[in-house]
Every structure is written in structure tokens, then in C-alpha cells.
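None of the values given here were measured: they were computed from a predicted structure.
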Amino acid sequence: MFGRLGAPEIILILVVIILLFGAKKLPDMARSLGKSARILKSEAKAMKEEGRSTSAQSPAPGEQPPAQRTIQAAPGDVTSSRPVNEPTDTAQR
């Protein structure tokens with residue numbers, strides 16, 4: 001029923017998207033999508049590194065949990081840095 005998309009169909013879809021969202025908003029949408037992808041990538045990397053360090057060094061029962069860390073935003077975007085509370089019980093993951 002649905003065949004392969006050729007060049008005319010793709011061009012028509014792009015024209016419809018530009019008409020719906022407006023050419024002015026498209027760069028902003030792409031920029032925010034890029035920021036989101038960078039944040040997601042840095043979070044995944046931090047979780048991997050945390051998993052490695054947590055499995056190698058587990059804190060003693062009497063020790064205090066590590067200090068709160070801050071996720072850094074993309075370069076030039078200082079408004080989206082935020083502190084993160086991390087779970088202290090790693091057995092539930």
C-alpha cells in the first residue's frame with residue numbers, strides 16, 4: 001500500500017513542515033533538539049561512569065553520601081544548569 005518515498009514525496013513533506021511550523025521557528029527547534037541530545041548523551045556517560053565507580057567503591061554504612069553534583073549545560077547555555085539529587089540506595093536500580 002505504502003511504497004518507497006521518492007524525492008518528490010520528501011520535498012512535499014518538507015514544504016508542509018515549513019508551512020506548518022514556519023521557517024522562523026525551525027532553526028530554534030533544531031537548536032533545542034541538539035541541546036537535548038547533548039544533555040542526554042552527557043547523562044548517559046555520567047551514569048556509565050558512576051556505575052563503574054560505584055561497583056568498585058561502595059561507601060561504608062557510617063559514611064555520608066557524596067555531595068550533590070551539578071549537571072553542566074551546553075556551552076553558552078548557563079540557564080539550564082541544575083543541581084541533581086542522586087539516589088543513595090544503588091540496590092534498587
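Separation of atoms CG (Leu5) and CD1 (Ile11) is listed at 12.0 Å; rounding is to 0.5 Å. Atom CD of residue Glu9 and atom CD1 of residue Ile13 lie 7.5 Å apart, to the nearest 0.5 angstrom. Atoms CD and CD, on Glu50 and Glu43 in that order, are 9.5 Å from each other to the nearest 0.5 Å.
Residues in residues 11-32 take part in these side-chain hydrogen bond (donor to acceptor under 3.5 Å, both in side chains) pairs, two or more places apart or across chains: Asp28-Arg31.
In this structure, Leu26 is a member of the same hydrophobic cluster as Leu20, with clusters built from ILVMFWY side-chain heavy atoms closer than 4.5 Å. No continuous path of hydrophobic side-chain contacts links Leu19 to Ile17 [ILVMFWY only; heavy atoms under 4.5 Å].
Contact of the Lys48 side chain with the Lys45 side chain is not registered, since no non-hydrogen atoms from C-beta on lie closer than 4.5 Å.
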